[in-house]
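Here the structure is laid out as structure tokens; the discussion comes afterwards.
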Amino acid sequence: MTETRLRFPPSPTGYLHIGGARTALYNWLYAKKTGGKLVLRIEDTDTGRSSAESIKGIIDGLKWLGIDYDEGPYFQTDFEADHVAAAQKLLASGAAYKCFCTKEELDSKREAALAAKQPLGYDRTCRHLAAEEIAAKEAAGIPSVIRFKVPERNGLLGYDDKIFGRIEAAYTEIDDFVIVRSNGKPLYLLCNVVDDIRDRITHIIRGQDHMTNTLKQVLLYEALGEQLPVFGHMPLTLDTKKAKISKRSHGEIVAVQFYRDNGFIPWAFNNFLALLGWSAGNDQEFFSKEELIRDFSLERINKSSAIFNYKKDDPKFITDPKAIYFNEHYLRTMEIGELGDMVRKELEAENLWQECYASDRKKWYLDTLALIRDRFHTLKDFTSLGRAYFADDFMVEPKPLEKNVLKFAELQTWLPELAARYENLSEFTLEETERVVRELAEELSIKPGILINGMRTVVTGQLAGPSMFDIVLTLGKEIIVRRLRNVGKFFNRQ
RNA sequence: GUCCCCAUCGUCUAGUCAGGUCCAGGACAUCGGCCUUUCACGCCGACAACACCGGUUCAAAUCCGGUUGGGGACGCCA
């Protein structure tokens, strides 16, 4: 068997969104699984809407996800000569014809049909023009497009879809579609096929919205005398109102960039995307890259479309809760060194990174991440919720400040007293630091919790966190003593 | 309007091709509980679905037909 070759052909008319990312991922997985190649082809023939910025966004998005390609990016506009040659070949062989209907005529016919609730297709006005009529119109300088001449056959046109099974439709249902614009520029349906043939694509895995295109393209392969690739159409990703997800109507929440900028772990997001419409057939949800490549199959892609359950304006979930869950899982279980590299980038961006975290304080750095990661949702939390571990300029949240500190005015003396005792402690250990707190609480006849929660807030700015004495040891005597002594500042600013 | 596709908990899904082991399993979310100085994590538990109607069969989530619902396509966009 020849090598499998797949492609991801985005049109650069916006950022990479999750639907596109999922398509890219499935193609990538299948290419990897079969030891084949993945080609990136930018379909930029719509010059009006294509942009360099969008191309960059797509490439950056794929890079962030870790979806690498073996060839490309190729640009469709670089192969215009191929497309034109194919169109000429079809014209010459009688598989296509010139159509002189104007866009205005067609538009008004379409609108009329729509209003009258009649079928929409092209009425084939120019299909049977005699050679003299064509010559006359051309001599008169009337512009024309080239349309594909759908064969007049009885029976059904069809192909075997790897995901949906046999797909068929009557020949009479297929429109004579335009393959070349009146300005001579070939259109998607043709370009796409010509490029896939040239790139020797063996498997076309794309969205279900292409299903009707596929029927037409099957005809193009036939007319061009080429062998059909394997087709597989993936169900679309819908929004919570069951509408197709689009860049236009959903904004940043469906952009891959959004997940990068909000501290998602690339593989966690891939894992989530992979499970949106595919399952291994068992209860496994977490897959390493190797496992996913090994277990992935086209046949197990679900036929019904999946809903991307994002929560708009929900303070608790910035996106689909399951996507967050996957992120949390990886955040908590991934190899700590790998997490360290990711968090490093976050710290650097906030000017909190210190070189010693990579050298003599490396153990401290990684231990600290291991201590605090259990409560975090994204990479961003390390510099927001976890800021107190890396800097003194952390925010103290109002709720715990009120509840754990301001409520007890005596903390202004208790905490500095605790600081003094800590300072004189010869053994600054878990046991000793805890003992000292409990001892002080007993002397003051208060619950240890008052001291503990007060110090947690003063020292980390947070209502919740790891075990208090783990924090004490992690931050170290000097910082703890300093922050405890400073408790007065919270009262003074009232 | 025409054509194509789909249909299991709120969401992602297992089970459907090879009908019985499924009064339907897992995960997320939600709600309780345990743990705890806090909050999480973790663990335990609860809630919650075979769209509907017929048919075939000893037996249907599973096969067949229809209905309904949903999605997609119908561009000189890709």
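Scope of the values below: all heavy atoms of this structure, side chains included, with no hydrogens, waters or symmetry mates. Chain A is the first sequence line, chain B the second, and so forth, proteins listed ahead of strands; every chain is numbered from 1.
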Using the [atom1] atom as the reference point in each nucleotide, state the distance between [N] and [M] in Å, no decimals.
{"N": "B/G15", "M": "B/C22", "atom1": "P", "value": "15 Å"}
{"N": "B/G65", "M": "B/G70", "atom1": "P", "value": "22 Å"}
{"N": "B/U16", "M": "B/G72", "atom1": "C1'", "value": "24 Å"}
{"N": "B/A7", "M": "B/C44", "atom1": "C1'", "value": "34 Å"}

Think A/R22 forms a cation-pi with A/Y26, using NZ or CZ under 6.0 Å from the six-ring centre and within 45 degrees of its axis?
yes
Let's test your reading of the model: under 3.5 Å, does the base of [N] pair with the side chain of [X] as donor and acceptor?
{"X": "A/S467", "N": "B/U37", "answer": "yes"}
{"X": "A/K322", "N": "B/A27", "answer": "yes"}
{"X": "A/D44", "N": "B/A78", "answer": "no"}

Does [N] have a Watson-Crick or wobble partner in any strand here, with both distances under 3.5 angstrom, and which is it?
{"N": "B/C63", "value": "B/G55"}
{"N": "B/A14", "value": "none"}
{"N": "B/U36", "value": "none"}

Going by ring centres under 5.5 Å and near-parallel planes (under 30°), is A/H210 stacked on B/A78?
yes
State plainly whether the residues A/E431 and A/R435 are in salt-bridge range, i.e. N to O under 4.0 Å.
no
For the pair made of NE2 in A/H233 and P in B/G72, what is the distance, rounded to whole Å?
15 Å
Nucleotide nearest A/K117 when distance is taken to its side chain, options B/G75, B/A78, B/G1:
B/G1
